[in-house]
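Every chain is numbered from 1 and lettered A, B, ... according to where its sequence line falls, protein lines coming before strand lines. The basis for the numbers below is simple: all heavy atoms, side chains too, and nothing from hydrogens, waters or symmetry mates.
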Amino acid sequence: MPEGHTVHRLAARHHELLGGDVVNAASPQGRFSAGAARMSGSKLVSAEAYGKHLLHHYDLGLTLHVHLGLYGKFSDGTVPAPPPIGELRLRLFNDRHWIDLRGPSACELLDASQVQALLDRLGVDPLRADADPKLAYARLRHRAAPLGALLLDQSIIAGAGLIFVMEVLYRAGLHPSTPGTALTPKGWKRIWGDLVSLMAQAVLSGRIDTVRPKHMPDAMGRPPRVDRHGGEVYVYRRAGQPCLVCRTPIARGELNGRNTYWCPACQS
DNA sequence: CAGATATGACAAC
DNA sequence: TTGTCCTATCTGG
């Protein structure tokens, strides 16, 4: 379930479970055996998220970098850890807790310069206090590509995924194919503010909710509908279902191989 | 139980 | 623009 809010939650969780402790590492699946052996026995100094990237900083001077991709997943618990089942890329544990990682698109050890190179190619993360929205706007406003693609570009905005982008465009009344050049300062301010508040809320709740109270489906006389992703949304994966505001069926399309969703009436 | 699907990011063409 | 990778879960038969 990896959009930026998930990764920020994981960073906090991992620091809570293993931070300040010597960590044991193993790769039962074998694909990260060398890395696990190298980092095992070193102390986890801190864990942080940048966009969708998770970084564990260890006192041996190396950083564990994990990107969950589309399928990656973490789980954790208190010892004893269950026997490793399936494709378990990485297991971390101390005396009290274990953390398992499956299916990541990246799981690697980086030195300081490699970490810097990673951060250098990432855009502005709405969940980070040091985020500079002006920088992202400067990268958006002169590009003719559709906003549905630009807002997903991690070198512009780091951490927003398909759900947040589709929902934020809906709330701004902008069609996903609106070119970046058409984004006014006012429109950008609205989108950025939404990203910051919606993503921050998602960090707290662990799910993505974007529907304003007055638009909640049960307020319209229908049962609330919670998507499999766990939250309540206007358009994401609601193709064919009525818009929660105007009842027009939600449309679905494709952009760069990703699904896009919008209300043909509310977004132009 | 096979097939489709998924909140992502690449490289190769 | 297409293909590829990573894994679990949901769907329909």
Side-chain angles (χ1 to χ4, degrees), chain A residues 1-10 27-33 35-36 49-55 64-76 82 84-91 99-108 110 114 117-123 125-127 145-146 148-170 176-177 194-195 198-203 205-211 225-240 250 252-262:
Chain A
M1 329 312 180
E3 294 203 24
H5 70 296
T6 305
V7 185
H8 279 261
R9 282 171 66 87
L10 286 167
S27 179
Q29 173 201 55
R31 295 186 50 166
F32 188 58
S33 298
Y50 208 113
K52 298 169 185 169
H53 299 260
L54 176 68
L55 303 173
L64 174 68
H65 167 229
V66 173
H67 192 293
L68 293 173
L70 202 46
Y71 320 114
K73 209 171 266 183
F74 275 106
S75 55
D76 62 58
I85 292 170
E87 298 293 314
L88 182 49
R89 182 78 61 89
L90 174 65
R91 170 170 284 175
I99 294 174
D100 283 356
L101 170 63
R102 295 162 200 277
S105 62
C107 174
E108 58 188 353
L110 303 180
Q114 292 171 309
L118 168 67
L119 299 185
D120 285 347
R121 68 179 168 79
L122 291 178
D125 182 348
L127 287 173
L150 292 174
L151 298 177
L152 281 173
D153 184 334
Q154 300 298 299
S155 69
I156 300 175
I157 297 172
L162 197 52
I163 304 178
F164 283 119
V165 168
M166 292 300 114
E167 293 299 307
V168 154
L169 286 172
Y170 174 87
S177 65
D194 252 9
L195 285 172
L198 293 175
M199 292 179 74
Q201 180 55 45
V203 171
S205 66
R207 41 182 273 175
I208 300 177
D209 295 288
T210 64
V211 180
R225 180 195 153 282
V226 176
D227 188 83
R228 194 167 66 217
H229 83 281
E232 195 116 27
V233 295
Y234 283 107
V235 293
Y236 172 69
R237 258 180 42 181
R238 293 195 66 242
I250 299 302
R252 186 179 74 83
E254 227 172 87
L255 201 55
N256 297 341
R258 309 289 305 279
N259 287 325
T260 59
Y261 303 88
W262 71 95

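If you measure from atom NE2 of H67(A) to atom P of dA9(B), you get 4 Å, rounded to the nearest angstrom. Note: CG (L118(A)) to P (dC10(B)) measures 9 Å, nearest angstrom. In this structure, the CD1 atom of I163(A) is 10 Å from the C1' atom of dA6(B), given to the nearest Å. Atom P of nucleotide dA9(B) and atom NE2 of H65(A) are separated by 10 Å, given to the nearest angstrom. Between K73(A) atom NZ and dA6(B) atom C1' the separation is 10 Å, expressed in whole Å. Rounded to an integer number of Å, the gap from F32(A) CZ to dC6(C) P is 16 Å. One interatomic measurement links the two molecules: CG of L68(A) to C1' of dC5(C), which rounds to 15 Å at whole-angstrom precision. Following rounding to the nearest Å, E87(A) (CD) and dT9(C) (C1') show an atom-to-atom distance of 16 Å.
dG13(C) and dT5(B) have their P atoms separated by 13 Å, with the value rounded to a whole Å. Taking atom P in both dA8(C) and dC10(B), the straight-line distance is 23 Å, to the nearest Å. Separation of the P atoms belonging to dG3(C) and dA4(B) is 16 Å when rounded to the nearest angstrom.
Residue Y236(A) places at least one side-chain N or O under 4.0 Å from the OP1 or OP2 atom of dT7(B). For Q29(A), no side-chain nitrogen or oxygen approaches OP1 or OP2 of dC6(C) to under 4.0 Å. Listed pair R89(A) / dA8(C) fails the phosphate criterion, with no side-chain N or O lying under 4.0 Å from OP1 or OP2. The phosphate of dA9(B) has OP1 or OP2 within less than 4.0 Å of a side-chain N or O from K52(A). Within the 4.0 Å cut-off from OP1 or OP2 of dA8(C), at least one side-chain nitrogen or oxygen of R102(A) is found.
Relative ring orientation between H65(A) and H53(A) is described as parallel, the plane-to-plane angle staying below 30° on a 0-90° scale split at 30° and 60°.
At the heavy-atom level, N259(A) lies under 4.0 Å from the strands shown only through sugar-phosphate atoms. Looking at heavy-atom distances under 4.0 Å, E167(A) makes no contact with the nucleic acid at all.
Side-chain contact check for L88(A) versus R102(A): some heavy-atom pair is nearer than 4.5 Å. Under the 4.5 Å side-chain criterion, counting only non-hydrogen atoms from C-beta, C107(A) is in contact with L64(A). Using a 4.5 Å heavy-atom cutoff, the side chains of Q201(A) and D209(A) are not in contact. With a 4.5 Å cut-off on side-chain heavy atoms, Y261(A) and R238(A) do not count as touching.
Closest to the side chain of R31(A), from the set dA9(B), dC6(C), dA8(C), is dC6(C).
The two atoms that bring K73(A) and L68(A) nearest to each other are N-CD2, 3.7 Å, heavy atoms only.
Sequence order on DNA chain B of the closest nucleotides to H53(A) and Y261(A) puts Y261(A) first from the 5' end. Residue whose closest nucleotide on DNA chain B sits further toward the 5' end, between Y71(A) and R121(A): Y71(A).
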